[in-house]
Amino acid sequence: MNHSPASRNSQENTPPPRILTLQIDGQDLSGRADETILEIARQNKIHIPTLCRLDGLSGHGGCRLCLVEISGQNRPVPACLTYPQEGMVISTASQRLQDYRRKILELLFSERNHVCAVCVSNGHCELQELAVELGLSHVRYEYLHPRLEVDGSHARFIRDPNRCVLCLRCVRVCAEVEGAHTWDVMGRGISSRVITDLNQAWGSSQSCTACGKCVQVCPTGALSEKGTSVAEMIKHRHFLPQLLAMRTNRRE
Amino acid sequence: MNKARIATTWLDGCSGCHMSLLDIDERLVELAEQIELVYSPLVDTLDFPEAVDIALVEGAVGNEDDLKKLQLIRKQSRLLVALGDCAVTANVPAMRNAFKLEEVLRHVYTATASSQLQLPKEEVPPLRDRVRPLHAYVEVDLFLPGCPPPSEAIFFLLSELLAGRIPDLSAKSRFGA
Amino acid sequence: MRQQAEANICSEKDFAALTQDRQWRQVNRTMRLNNNQPEALIETLHAVQDTFGFLDHQAMAYVAHVLRVPLSRVYAVATFYHYFSLKPPGEHSCVVCMGTACYIGGSSALLDQIQQSAAIGPGETSKDGKVSLVVARCLGSCGLAPAAVFDGRVAGKLNPALMEEQLERWLSHDPEA
Amino acid sequence: MTLKHKDLQQIAAAEEQRQQGFQHRIHVCQAAGCLSCGSREVQESLEQVVADRELEQEVQVKGVGCLGLCSAGPLVAVASADRLYQGCAPTDAGSIVDGLTSTAKTDADGAGTLPFFSKQHKIVLENCGSIDPERIEEYIAAEGYAALYTVLREMTPAEVIEEITRAGLRGRGGAGYPTGLKWSTVAKALRQTRYVICNADEGDPGAFMDRSVLESDPHRVLEGIAIAAYALGAAQGFIYVRAEYPLAVKRLRKAIAQAERLGILGKNICNSGFSFDLQLRLGAGAFVCGEETALIASIEGLPGKPRPRPPYPAESGLKGCPTLINNVETFANIAPIIRRGSDWFAAIGTEKSKGTKVFALAGRVCRTGLIEVPMGTSLTEIVFEIGGGIPDQGRFKAVQTGGPSGGCIPEQYLHMGVDYESLAQVGSIMGSGGMIVMDQSSCMVDVARFFMEFCMSESCGKCVPCRVGTTQLHALLSKITQGRATPGDLATMEELCDLVKNTSLCGLGQTAANPVLSTLRYFRDEYRAHIDNQRCPAHHCSMATTRERP
């Protein structure tokens with residue numbers, strides 16, 4: 001979390017960032033040395049799929065969907081955390097990358113119980129949208145079907161780990177923006193689970209401020225508002241850039 | 001012109017995909033001129049026929065009977081389409097996979113039942129340990145996800161196939177839709 | 001007694017008492033030596049486990065409080081690292097090496113034997129609280145494969161029969177075990 | 001206190017005098033392997049016999065670090081007469097002491113000529129088994145800390161880095177990155193606060209080299225770390241050691257305390273103006289912490305989850321400062337290089353891989369234990385001459401190097417000299433030095449499954465390909481070993497290997513598929529036999545009688 005663009009900028013006495021020229025998907029572009037390849041691509045209307053990435057939160061690099069190829073390097077790199085170098089030649093949509101992205105999505109779908117048909121986020125889900133975008137018609141890997149309890153103990157929100165993709169947006173928004181650090185990840189590997197406090201019912205958490213930021217940033221139906229039914233949970237993300245802008249203004 | 005021999009069936013599902021098929025409405029007439037429906041829950045045929053051109057299969061594989069049917073369909077059809085989320089992902093029927101089969105049976109047949117508290121032994125095909133999608137068992141040629149897939153997408157699928165083209169279904173439906 | 005404390009894990013008064021508690025001397029010392037810095041979390045959890053044999057909720061809440069680390073972070077660290085245990089250990093401990101040499105030498109047969117004799121798998125403690133089973137990545141005793149550690153003593157060149165003998169000594173209250 | 005060169009010499013001289021006072025010196029191995037089969041009792045019994053016969057003035061009995069031949073423990077060496085007793089029991093003490101004064105030949109004569117020892121070349125292990133690891137005086141008497149003293153008094157940091165660079169030393173932790181280059185990168189970094197970390201979180205299943213070095217000769221590692229710290233201008237260092245190695249932890253603690261007492265660590269070392277504080281940090285059972293950025297996270301008190309590199313720790317590591325991370329064996333090579341010069345070191349080994357490598361030789365081989373050979377030594381020499389070949393008339397099948405990131409090397413490459421490049425060429429890696437010999441009773445599919453299970457349970461869970469990919473690979477491999485797989489599963493598995501290798505965040509995931517890929521490369525037949533005929537050629541896997549699939 002020390003490596004967000006923001007903290008790179010704020011290092012003492014850094015001279016103004018250099019402007020570099022680079023090539024993305026055949027287009028000659030320029031970008032600042034302290035902006036990630038993803039940011040530069042977006043400025044130039046080049047779309048790269050992402051999932052764990054969310055503007056306003058630190059970079060994570062876990063979902064691997066934004067992998068891009070840099071010529072001269074065999075292994076693709078995450079666009080969200082890679083900074084450009086002068087003359088870099090980048091490819092964002094090769095057959096190989098699209099193929100990797102589809103397989104990564106397949107792995108995500110196989111990991112938990114993503115039953116879109118009965119999910120509060122059906123139709124408003126980033127995982128579902130990615131499947132459409134990447135043309136994923138079916139999952140070849142065996143579904144793991146873990147047995148996970150839904151936590152309805154909170155007065156206003158529901159947590160359904162069956163839909164969780166471990167993007168850690170909830171963990172990051174709670175620690176970095178709200179400052180409560182109610183969420184974290186217990187265990188490791190395939191047994192990783194997002195938890196509140198000492199792995200207790202959300203409703204009994206003493207650190208949670210019930211601000212709901214985690215719910216709004218969650219890309220799937222893993223966190224939702226109580227009272228929403230199938231396909232009714234629509235998330236509102238615009239608060240985050242606004243909130244961060246307001247805070248920056250106040251400081252200055 | 002020879003009419004295309006089409007079969008449809010449902011395995012472990014809710015028949016909603018067939019409802020969506022019927023929702024094609026008046027254009028069904030248009031289709032009917034080009035096809036011969038040789039087997040379907042909607043028509044009166046007992047045995048799955050041979051030399052089927054296109055088989056639309058709804059539902060997941062949940063019991064031994066589903067599996068036997070599916071294998072027969074695969075053997076006797078040129079093109080097998082997984083129709084809808086249950087066939088493609090195992091969907092809702094697979095929600096029991098997180099539990100042990102005995103737990104599921106006990107819950108359904110004794111814990112929540114009001115009479116005849118016993119597990120079925122005869123006349124009901126034995127459940128398999130896990131509910132799985134079609135492609136876990138047989139080669140599937142086309143996948144049309146959706147719960148159910150929109151009738152528009154089913155119509156597109158059929159008309160493209162009848163026109164001799166393999167349809168690109170990627171923008172036509174999605175998981176859960 | 002410590003388990004009872006779990007009901008009320010976050011009382012400031014309890015925490016104040018713990019800073020003076022002799023039982024917690026090593027834990028408090030570790031935190032103090034590190035100026036109560038959050039970086040000392042892993043060192044401190046080691047101290048807790050050295051003292052009490054495992055990490056319970058009260059201990060985690062106390063450490064979180066003193067080091068000013070979020071509760072969820074303490075839990076994350078305590079469960080990420082397999083050396084830490086959140087359950088009290090059994091009276092006797094058996095660590096089976098699952099390093100490559102031991103695996104090639106048949107350590108999975110040892111695990112099967114333990115499952116059979118004591119009905120426990122890796123990470124579990126027998127119902128009577130007599131024996132805990134842990135698997136290790138490598139004990140560094142590859143020359144003695146397959147190896148295990150019984151209550152801190154390494155035993156090498158084991159087989160299921162020898163394993164059975166050892167378990168029997170523990171489970172049957174043999175004072176010489 | 002400030003240590004002077006004279007003081008070091010005095011300590012060394014006093015220690016030598018003490019040693020020479022004894023007519024006979026008996027060394028009893030007190031490393032993990034021998035301890036676990038009762039070497040402590042053997043030592044106590046020897047001490048008792050010597051006391052009973054009132055020979056304390058003439059006969060020294062001392063515990064030493066690893067004598068190497070772990071499979072034959074407990075080991076007792078008579079250092080004054082080149083004798084090695086294998087498989088000793090406490091009741092043997094009398095006859096061992098009898099043997100000291102007898103000129104009659106015994107079975108134990110000529111330890112040095114045993115092929116297990118004569119083929120070896122010891123640099124890292126030069127003191128293992130000859131000094132008492134708990135006494136700094138013995139290390140000093142064996143030229144210990146002389147290199148540090150030389151460096152502090154006579155060399156500039158740049159000269160030290162130059163010397164290491166010219167020696168051609170490469171990192172012994174696995175990837176073989178040039179040590180000198182790594183040092184100079186840190187030394188060039190802008191920020192002035194720098195850290196040195198010794199990675200002693202040895203985690204490969206089947207590897208115990210670092211453990212043995214730490215338990216047998218801890219000061220050698222301390223000296224290497226201190227030299228590195230001087231070269232980089234680091235004022236603080238950490239040794240990150242596995243909590244599962246209690247003896248190594250204890251001996252390191254003791255060694256650090258002894259060095260601090262003599263002023264070899266701490267403030268103004270040897271009056272040079274250079275200060276260096278070295279602390280221990282205990283790992284807690286996470287293999288992924290061998291990865292540099294995960295290790296740093298762990299030292300910072302966080303779950304050991306890697307972050308993408310760049311930035312590399314050399315520019316931004318612990319607390320955002322330039323950080324050098326080398327492993328135990330790398331640091332153990334530093335003092336000898338300084339003492340004897342880079343030319344001497346560069347003359348050992350092969351063109352691109354200099355010096356020696358320590359291996360933990362284990363598995364289906366007659367003599368197992370800790371060995372050190374020059375780079376380029378052939379696998380035949382290691383397995384058949386040093387290791388004595390396969391026991392019970394078994395037939396060699398493969399040797400596994402590099403642990404869960406490595407591969408299985410088949411018979412046709414036995415003649416190959418072992419160095420970083422040659423191992424990579426045949427689809428394995430040097431790794432940290434685990435070397436497991438397998439015979440016809442090992443099923444290669446099951447070996448791949450074993451390593452995949454390891455990677456799956458050690459994956460930190462941060463990135464999708466490693467977290468879910470290793471789980472799916474493990475499921476596919478299990479399906480194969482159970483005889484339930486189809487040819488299609490094999491294709492799915494190979495594609496998945498490619499995905500996990502190329503898209504995972506850190507080295508753990510990027511190499512997790514290696515054991516599968518290398519066994520597929522050389523033992524595809526075995527995979528096919530499981531899939532096509534539900535047959536395990538090694539008769540290891542129990543196959544399902546009927547396949548779930550048609």
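No hydrogens, no waters, no symmetry mates; every other heavy atom, side chains included, goes into these values. In the text below, chain A, chain B and the rest are named by the order of the sequence lines, each starting its count at 1.
Expressed to the nearest 0.5 Å, how far CZ of A/R96 lies from CG of D/L499 amounts to 10.0 Å. In this structure, the separation between OH on A/Y100 and CD on D/E495 is 10.0 Å, given to the nearest 0.5 Å. A distance of 11.5 Å separates SG of D/C463 from CG of A/L166, quoted to the nearest 0.5 Å.
When all heavy atoms are compared, the tightest approach of A/L107 to D/Q472 is CD2-CG, 3.7 Å. Contact record, A/S110 with D/V468: OG-CG1, 3.8 Å, taken as the closest heavy-atom pair. Heavy-atom minimum distance, D/R467 versus A/V165: NH2-O, 3.5 Å. Taking each heavy atom of A/L81 and D/P308 in turn, the nearest pair found is CD1-CG, 3.3 Å. A/S192 approaches D/C460 most closely through the heavy-atom pair OG-O, 3.8 Å.
Side-chain contact check for A/R64 versus D/L505: some heavy-atom pair is nearer than 4.5 Å. Put simply, the side chain of A/N74 reaches to within 4.5 Å of the side chain of D/N502, judged on heavy atoms. D/T492 places none of its side-chain heavy atoms less than 4.5 Å from the side chain of A/K103.
For a residue to count as touching a neighbouring chain, one of its non-hydrogen atoms must lie under 4.5 Å from one of that chain's; by this rule D/S457 touches chain A with the backbone only. In this structure, the portion of A/L67 lying under 4.5 Å from any heavy atom of chain D is its side chain and not its backbone. Using a 4.5 Å cut-off between heavy atoms, A/V77 makes no contact with chain D at all. Only the side chain of D/T471 comes within contact range of chain A, with at least one heavy atom under 4.5 Å from a heavy atom of that chain.
With respect to chain D, the highest number of heavy-atom pairs below 4.5 Å among A/P76, A/S191, A/P78 belongs to A/P76. Here D/Q510 is the residue among D/M456, D/Q510, D/K501, D/E458 with the most heavy-atom pairs under 4.5 Å with chain A.
Counting non-hydrogen atoms of neighbouring residues, nucleotides and ligands closer than 6.0 angstrom, the CD atom of A/E86 exceeds 12 such neighbours. Annotation: D/K352, atom NZ; neighbour count of heavy atoms from other residues, nucleotides and ligands within 6.0 Å does not exceed 12. Enclosure of atom CZ in A/R18 is not indicated, since only 12 or fewer non-hydrogen atoms of other residues, nucleotides or ligands lie within 6.0 angstrom. Remark: D/L190 CG is loosely packed, at most 12 non-hydrogen atoms of other residues, nucleotides or ligands lying under 6.0 Å away.
A/R188 places no side-chain N or O within donor-acceptor distance of the main-chain N or O of D/K305, the cut-off being under 3.5 Å.
Residue pairs satisfying the ring pair (Phe, Tyr, Trp, His ring centres under 6.0 Å) criterion with at least one member in residues 284-316 of chain D, sequence neighbours excluded, are listed as follows: D/F287-D/F454.
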